[in-house]
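Contents: one structure, followed by commentary.
Order of the sequence lines fixes the chain letters, A, B, ..., with proteins taken first and strands second; residue numbering starts at 1 for each chain. When reading the values below, keep in mind they use all heavy atoms of this one structure, side chains included, and skip hydrogens, waters and symmetry mates.
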Amino acid sequence: DTKIKFTLGWKTQGSDAAFMLAKDKGYFKEEGLDVQIDQGEGSGATVTRIMSGAWDAGFGDVNAIIQNAAQRPDAAPVMVYQMWNRPPFAVVTKAEAGVKSPKDLEGKTLGGAQGTPTTRLISVFAKTNGVDMEKVKLSNMAPNLQEPMLIRGDIDGAMVFTLTSYFNLVLNRQDPDKDYRWLNFGDYGLDLYSNGMMVSRKLLKENPKAVAGLVKAVNRAAIEIGKDQEAGMKAIEAYDNLVNLAVEKRRLQFAYEKLMVSPEAAEIGLGDIKDDRMKKAIDIVVQGYGLPRAPEPSEIFSREFLPARAERELVYTAN
Amino acid sequence: MTDFAAVRRKLWAVALIVGFFLLWEALCLALDVSDLVLPRPSQVFATLFARLPILWPHILQTLMTTMIGFVGGVVIGVAIGALIGVSKVAYDTAYPLLIGFSSIPKVAVVPIFVLWFGSGTVPAVLTSLVICFFPIVVNVATGLATTEPELEDVLKALGASKADILWNVGLPRVMPFFFAALKVSITYAFVGTVLAETVASNRGVGNVMMSASSNFDVPLVFAGLFVLAGLGVALYVAFSLIERRVTGWASRRDDFAAA
Amino acid sequence: MTDFAAVRRKLWAVALIVGFFLLWEALCLALDVSDLVLPRPSQVFATLFARLPILWPHILQTLMTTMIGFVGGVVIGVAIGALIGVSKVAYDTAYPLLIGFSSIPKVAVVPIFVLWFGSGTVPAVLTSLVICFFPIVVNVATGLATTEPELEDVLKALGASKADILWNVGLPRVMPFFFAALKVSITYAFVGTVLAETVASNRGVGNVMMSASSNFDVPLVFAGLFVLAGLGVALYVAFSLIERRVTGWASRRDDFAAA
Amino acid sequence: MTSGTYPNDLGAERVAIALSGAAVTFGRGARKTAALSPTTLKIAEGEFVALVGPSGCGKSTILKLASGLLQPSEGAVIVGGRETAAKAMRIGMAFQNPTMLPWLTVERNIMLPLKIVRPFRGEYRAKRRTEFRDRAHALLDQVGLKGFADKYPWQLSGGMQQRANLCRALIHEPRLLLLDEPFGALDQFTREELWGVLQELWLARKPTVLLVTHDLKEAGYLASRICVMSARPGRILDDSPVDFPRPRTVAMTFDPDFVALNQRLRARIVEARGGAEQS
Amino acid sequence: MTSGTYPNDLGAERVAIALSGAAVTFGRGARKTAALSPTTLKIAEGEFVALVGPSGCGKSTILKLASGLLQPSEGAVIVGGRETAAKAMRIGMAFQNPTMLPWLTVERNIMLPLKIVRPFRGEYRAKRRTEFRDRAHALLDQVGLKGFADKYPWQLSGGMQQRANLCRALIHEPRLLLLDEPFGALDQFTREELWGVLQELWLARKPTVLLVTHDLKEAGYLASRICVMSARPGRILDDSPVDFPRPRTVAMTFDPDFVALNQRLRARIVEARGGAEQS
Ligand SMILES: Nc1ncnc2c1ncn2[C@@H]1O[C@H](COP(=O)(O)OP(=O)(O)OP(=O)(O)O)[C@@H](O)[C@H]1O
Ligand SMILES: Nc1ncnc2c1ncn2[C@@H]1O[C@H](COP(=O)(O)OP(=O)(O)OP(=O)(O)O)[C@@H](O)[C@H]1O
Ligand SMILES: [Mg+2]
Ligand SMILES: [Mg+2]
């Protein structure tokens with residue numbers, strides 16, 4: 001079997017179920033792959049981890065690929081399966097702060113973890129929506145401090161990943177729907193792609209068959225979980241018995257509902273992208289990160305390994 | 001000192017330690033501190049006992065990793081310390097380099113280890129090693145450098161080699177401070193292991209704590225901290241027993257010869 | 001030792017340290033190590049000089065934070081160390097608690113500080129303090145516990161109080177090991193500050209490194225590391241000068257009386 | 001045996017040191033070592049008592065009892081009417097092994113008692129560079145250590161360390177002087193010079209002195225009373241007054257009476273050794 | 001002054017120690033202390049030389065030169081034909097201050113030379129519990145320390161430590177014995193007993209001995225030659241043979257010839273002190 005070192009985007013989360021299921025049910029094995037799944041340090045760090053050569057593939061943020069591809073086109077990994085069709089980037093504020101539109105952020109203090117896409121893109125978000133960044137105060141903090149500081153009122157808003165922050169608020173005994181307002185970047189002109197499965201250029205060049213196998217197995221698992229989340233949760237539990245299964249199941253469903261199921265996915269199938277949308281997304285990132293050049297979508301994404309369209313038909317039923 | 005006094009002293013100490021936890025519990029209750037910020041010890045112990053079966057393999061993993069790193073750190077620490085303590089050039093060269101290296105947050109070094117050795121146990125062992133050897137170096141070197149020349153002269157007059165002197169005078173003389181350094185080192189060894197486990201490992205107490213903390217399972221985070229503290233104290237107790245035997249001469253305990 | 005020999009020794013040391021960096025440079029070139037993993041020293045220094053104006057306020061911030069935390073740590077460390085070294089009950093009580101606390105990765109403690117004191121300098125100072133005082137406690141306590149009773153008897157016979165004995169015998173006796181502990185502590189103080197800065201702060205070298213690392217600007221990360229190493233070494237040199245004056249008696253350098 | 005035994009009942013005179021059946025045992029259980037058999041000894045204020053006896057018999061132990069460094073395992077020790085010696089009397093002690101603090105110069109070592117002992121301690125900061133310093137230098141001159149004030153103790157020879165040690169015991173004009181073989185490492189001439197210094201000092205201020213020595217001539221020259229101890233665990237075998245007039249001279253040590261005293265004490269010591277020294 | 005000066009030309013006899021104009025200075029610049037003036041001294045193999053002189057004159061310094069612990073600042077020191085003393089001869093040294101290692105029991109301290117010195121070191125592990133141990137115990141018995149083998153050094157009295165120190169210098173049957181006031185802290189009787197022990201040992205094995213002492217009687221009893229040193233920085237003033245027959249006895253020390261020798265040496269010392277001791 002080909003050994004593959006695979007890194008997740010973060011610690012075990014329900015939304016990673018597809019990878020666990022593919023491993024658990026032997027889909028990787030069927031493709032002649034021996035995949036070792038490691039927990040990650042952040043979906044941006046997945047890119048550096050793969051670039052450093054210590055991992056072959058991983059689940060991470062496409063925007064980080066864009067950033068690196070602009071500077072080191074030969075080293076940056078390539079996205080081969082765009083799992084999340086929509087961006088999870090958002091600014092969350094307390095309902096009582098009365099932030100109804102981006103413009104209301106002026107005069108507020110926002111907390112964010114350095115280097116996360118949300119934090120990096122906040123200026124583009126502001127510019128797109130006519131917010132004067134001079135009037136917004138930014139404060140750095142570790143990701144797991146954002147929600148507590150928001151709850152305590154040390155900051156007025158947090159620049160977050162919806163998928164993570166929503167459940168952090170739940171875990172902090174808050175009601176994220178009733179008491180909080182979410183400004184999703186996707187709803188305010190930042191129509192970006194986000195996490196998916198990426199592989200190293202080395203693996204791509206030396207063992208394309210393995211890449212194809214990887215994509216096939218993960219796709220099969222992701223489609224399956226769309227119909228049966230319980231199966232995914234079993235795989236999660238087998239991988240890491242420390243997680244809060246109830247919360248992780250909700251997170252898994254959140255990922256499907258808010259990030260994966262979309263008109264675009266229904267049109268082109270799970271895992272694929274539209275090149276013109278990607279081109280726009282690249283421009284946003286280039287602008288937001290102040291990159292020296294705009295890479296082509298083909299440098300970022302390869303659809304070469306995607307299974308046939310029919311196999312990528314996502315049917316999601318919550319259960 | 002009579003046996004009775006010794007027992008009473010130990011009881012006092014136990015009472016004070018228990019008192020510390022009771023105070024913590026009481027303060028949390030009185031100030032109504034959220035368990036998301038600082039859980040009460042009773043919650044932490046409850047979590048710890050409830051989750052112990054799941055935690056157990058992680059604890060063993062962390063303990064094993066730490067012990068390997070620690071033993072390696074001690075060996076290397078003593079070797080470098082002896083070198084620095086004996087050679088002036090080594091002192092002038094190695095000290096600045098080691099100080100510089102030690103001032104660097106090890107979290108920046110872990111990725112390099114991961115790259116070279118893959119994720120998992122090896123980088124954790126190495127992190128634990130590099131984080132824990134410095135206190136040993138410093139104390140061994142200082143102990144050797146401050147050894148009374150009179151004691152060394154006893155051996156020199158016999159035509160002893162440098163190694164003889166190191167072995168028969170330097171090292172015994174250094175023992176009390178070596179053990180002092182061990183106490184510091186073992187705690188840092190745990191910190192190193194946990195650090196590496198949070199960065200790049202799927203097992204170990206560090207990993208548990210990281211995932212618990214990203215799930216805001218604060219009592220579990222603290223259960224992990226208590227486990228680490230407990231492991232640290234357990235090893236400290238083990239060293240103390242050895243220390244009593246080996247360095248009793250230095251504090252001239254009356255019961256030393258009899259022990 | 002003649003002055004000439006001392007100078008030659010220093011030159012040797014400088015040559016070896018420079019050699020270390022050249023070796024690193026050469027190995028990186030020979031093994032074609034990516035600068036994403038381990039930049040060459042030349043790249044790091046180039047980045048450092050190019051970015052120095054921007055880095056400068058951060059360096060000052062980190063240095064100041066560390067110094068405050070370190071001074072606090074030293075004061076508290078000496079106080080607790082003296083207590084433990086003198087009182088048996090304190091020894092039995094405080095040691096396990098301190099060992100336990102020290103075995104805890106401080107990264108787990110920083111968020112608590114941040115939630116209590118807000119982000120910024122205060123939690124960084126506290127982190128630096130709690131991370132650096134333990135080596136001092138241990139060495140001061142050990143030094144006091146192993147002080148030769150004969151020396152204490154000199155004062156006891158004069159009817160000296162415990163404080164007199166501590167001040168006139170205990171502390172001078174402990175000095176060499178106190179300075180040894182300072183060397184360990186200052187490095188940990190930097191680590192603590194940087195740690196807190198990475199968790200929650202808008203300034204400081206830790207913040208710079210965090211943002212550099214999220215930008216994949218590895219040479220800048222290493223520039224930060226070099227700055228930290230440099231600060232550590234600079235403070236070490238400062239302590240060494242004091243140490244020479246204060247503890248020369250312990251190594252009985254021939255040039256001590258003349259210094 | 002009562003022939004040479006000094007009346008231990010001091011009557012109205014004030015008692016400086018009183019050991020009442022004081023015994024010292026080190027260690028516990030099987031490792032127990034008796035260092036001193038129950039010993040009763042009274043020393044009046046202003047007396048000069050010399051303590052002689054075989055090596056290991058407990059002479060230093062008695063000095064440590066008198067200075068309060070050691071508590072008796074049995075019996076009681078009262079110094080200056082109190083149980084805590086140092087509180088009751090200003091004590092000057094010269095230890096058997098010179099115990100200079102290695103981080104202080106000879107001068108600072110010698111001034112140490114002034115830093116600690118009342119009433120000097122209050123004035124120490126003010127006078128350490130003037131009056132106290134001069135006093136230390138004067139003492140150093142007297143013992144032949146002129147010019148060594150700025151040296152560190154390990155830069156002195158054995159005999160010089162011993163002399164510095166003596167200076168430290170004298171500098172604060174103690175009322176009780178405990179000297180443990182203070183001249184052991186000195187040549188005969190330096191020794192005799194220092195006898196003179198010590199005698200002068202005693203005549204001038206009349207402190208209580210307890211001197212341990214192996215030199216019967218020294219004991220006879222200096223002491224007003226000589227106690228002979230048995231081998232370990234020691235007890236006091238003989239307690240004789242020395243009645244030669246003061247000031248005494250070295251020449252006096254050749255006086256037949258003096259020689260006779262020496263001979264008698266020597267005989268007592270031989271007798272004492274007979275039983276126990278082989279252990 | 002040549003009256004009592006021993007011919008320093010040893011002819012065909014093998015030279016054990018040769019100091020040729022060896023001088024020692026400590027420190028540098030303004031802080032320079034001359035510890036020993038240029039000194040020339042030859043000691044033949046099997047000689048027993050006693051060194052006497054005022055405190056601080058450099059006696060211990062000469063011993064350290066002979067043992068190789070100190071290098072002369074001027075001149076040369078050759079021991080057993082070589083510059084590195086310890087390589088040339090098996091040396092036994094008793095330091096002036098007992099320097100027992102505090103972490104070892106008395107027994108282990110005494111056995112230390114056997115652990116270090118060839119040919120014993122190879123056999124140390126095998127014999128430390130049997131033969132070597134017995135040897136240590138036998139020595140301890142001889143100096144009157146039976147039963148103290150398992151104590152730690154700080155559990156001994158001053159004089160007992162000194163005796164243990166002597167045992168350590170003797171246990172490995174050294175060819176060169178350097179003794180720095182080895183009986184200083186002992187009472188007269190223990191001292192005389194140990195003179196006998198040392199003389200016997202010397203007669204049996206004929207090691208070269210260099211003994212520092214302040215006791216002229218001791219020097220006369222033990223030595224075959226006595227060197228008198230001047231005050232600091234010392235040099236050798238007088239070098240006289242002692243021709244009394246062996247084995248000598250304590251009674252012999254009352255012999256008129258013996259007393260005369262003592263008196264003559266005493267006069268030389270007084271003369272030596274006249275000039276320098278005030279410094
Ligand atoms: N700390 C100790 N532990 C155990 N035994 C001790 C200790 N101190 C002294 N002793 C024992 O007590 C006895 C008396 O000791 P002390 O020092 O009083 O003798 P001394 O009369 O001063 O002898 P010396 O003339 O040799 O100095 C000795 O046999 C010694 O072994
Ligand atoms: N390490 C040193 N540094 C400076 N001076 C020293 C050192 N060691 C010895 N001296 C000086 O050298 C001189 C000779 O010392 P040495 O120990 O040889 O004297 P000694 O003849 O043995 O005297 P004593 O009979 O008092 O032991 C002394 O004046 C002493 O101050
Ligand atoms: Mg004594
Ligand atoms: Mg000497």
Query raised in the report: Checking heavy atoms, do the side chain of E:Lys151, its backbone, both or neither come under 4.5 Å from chain D?
Result: side chain
Query raised in the report: For E:Gln162, is it the side chain, the backbone, both, or neither that has a heavy atom closer than 4.5 Å to a heavy atom of chain D?
Result: neither
Query - Results of side chain to side chain contact (heavy atoms under 4.5 Å, CB included) for E:Val259 - residues two or more places apart only - result: E:Gln263
Query raised in the report: Between E:His214 (side chain) and D:Gln188 (backbone), is there a donor-acceptor pair under 3.5 Å?
Result: no
**Report entry** Sidechain-backbone polar pair: D:Asp187 side chain, E:Ser55 backbone, donor-acceptor under 3.5 Å
**Finding:** yes
Query raised in the report: Which one of D:Gly184, D:Pro98, D:Gly158 has the most heavy-atom pairs closer than 4.5 Å to chain E?
Result: D:Gly158
Report summary line: Interface check, chain E: of D:Ala185, D:Gly159, D:Ser60, most non-hydrogen pairs under 4.5 Å belong to D:Ala185
Query raised in the report: Has E:Arg235 got more than 12 heavy atoms of other residues, nucleotides or ligands less than 6.0 Å from its CZ?
Result: no
